[in-house]
Amino acid sequence: MWTRITDLPGLRSFAGQNRSLGYEGMMAIHPSHVPVINEVFSPGPDELARCAELIAAVEAAQREGTGAVAFRGEMVDEAMAATAGLVLERHEALVRWAEELPPSAP
């Protein structure tokens, strides 16, 4: 939890460190923190594309009877594909939820 209400650059850095450690989100104590936290913990287009490509690579390897595969210079396996799938599922759920929200008042 970040307690310095007006230090948004510090919050961004702190949130980024937490995300790099595997955290998937964090609590906000002030409304001004919410957009920063959402931005840091939301996957961008590049991350979403990488997740989809990683899953496809692992699925192709499995069809060929291989348990692990080289993907963009890294060894990846079924567990990493499952994690990538969770990222995509969470993103898709948030998109569906946002589409169901009523329009904002002007």
K.L.:
When clusters are formed by joining ILVMFWY residues with side-chain heavy atoms under 4.5 Å apart, either directly or through shared neighbours, do Y23 and M27 land in the same one?
P.N.:
no
K.L.:
Donor-acceptor pair, W2 side chain versus D7 backbone, under 3.5 Å?
P.N.:
yes
K.L.:
In the single-linkage hydrophobic clustering (I, L, V, M, F, W, Y; side-chain heavy atoms under 4.5 Å), do M80 and V69 co-cluster?
P.N.:
yes
K.L.:
Between S13 and P9, is there a donor-acceptor pair closer than 3.5 Å when you use the side chain of the first and the backbone of the second?
P.N.:
no
K.L.:
If only atom types and distance count, is the side chain of D46 paired as donor or acceptor with the main-chain N or O of A49 below 3.5 Å?
P.N.:
no
K.L.:
Flag the pair E53 and R72 as a salt bridge only when some basic side-chain nitrogen lies within less than 4.0 angstrom of an acidic carboxylate oxygen.
P.N.:
yes
K.L.:
Rounded to the nearest 0.5 Å, how far does CG of L94 lie from CD of E99?
P.N.:
11.0 Å
K.L.:
Verify the cluster assignment for V34 and V95: are they in a single hydrophobic cluster under the rule of side-chain heavy atoms below 4.5 Å apart?
P.N.:
no
K.L.:
Evaluate V58 against V76 for side chain to side chain contact (heavy atoms under 4.5 Å, CB included), listing each step before the verdict.
P.N.:
CA-CA 7 Å; V58 169; V76 297; 3.8 Å; yes
K.L.:
State, to 0.1 Å, how close R19 and V40 come at their nearest heavy-atom pair, and which atoms those are.
P.N.:
CD-O, 3.2 Å
K.L.:
Nearest 0.5 Å, what's the CZ-CD distance between R12 and Q17?
P.N.:
13.0 Å
K.L.:
Judged by atom type as modelled, is there a donor-acceptor pair below 3.5 Å linking the side chain of H33 to the main-chain atoms of I5?
P.N.:
yes
K.L.:
How long is the gap from CZ on R96 to NE2 on H91, to the nearest 0.5 Å?
P.N.:
10.5 Å
K.L.:
Would a single hydrophobic cluster contain both L88 and L54, if residues Ile, Leu, Val, Met, Phe, Trp and Tyr are joined by side-chain heavy-atom contacts under 4.5 Å?
P.N.:
no
K.L.:
Is the closest side-chain heavy-atom distance between Q62 and E78 below 4.5 Å?
P.N.:
yes
K.L.:
Identify the heavy atoms of F71 and A57 that sit nearest to each other, and give their distance.
P.N.:
CD1-CB, 3.8 Å
K.L.:
In Å and rounded to the nearest 0.5 Å, what is the CG to CZ distance from L8 to F14?
P.N.:
14.0 Å
K.L.:
Might you point out which heavy atoms bring I37 and A28 nearest each other, and give the distance in Å?
P.N.:
CD1-CB, 3.7 Å
K.L.:
Do any N or O atoms from the side chain of S42 and from the backbone of N38 form a donor-acceptor pair under 3.5 angstrom?
P.N.:
yes
K.L.:
Testing the basics here: between P35 and S32, what is the closest heavy-atom pair and its distance to 0.1 Å?
P.N.:
CD-O, 3.6 Å
K.L.:
Does E47 come within less than 4.0 Å of R90, counting only side-chain N to carboxylate O?
P.N.:
no
K.L.:
Do you reckon L11 sits in the same ILVMFWY cluster as L21, going by side-chain contacts under 4.5 Å, direct or chained?
P.N.:
yes
K.L.:
For E74 and R50, what are the C-alpha separation, side-chain angles and deciding distance, and is it a salt bridge (charged side-chain N to carboxylate O under 4.0 Å, His left out)?
P.N.:
CA-CA 12 Å; E74 298 179 29; R50 182 184 186 282; 3.6 Å; yes
K.L.:
Can you tell me how far apart CD (E24) and CZ (F41) are? Round to the nearest 0.5 Å.
P.N.:
9.5 Å
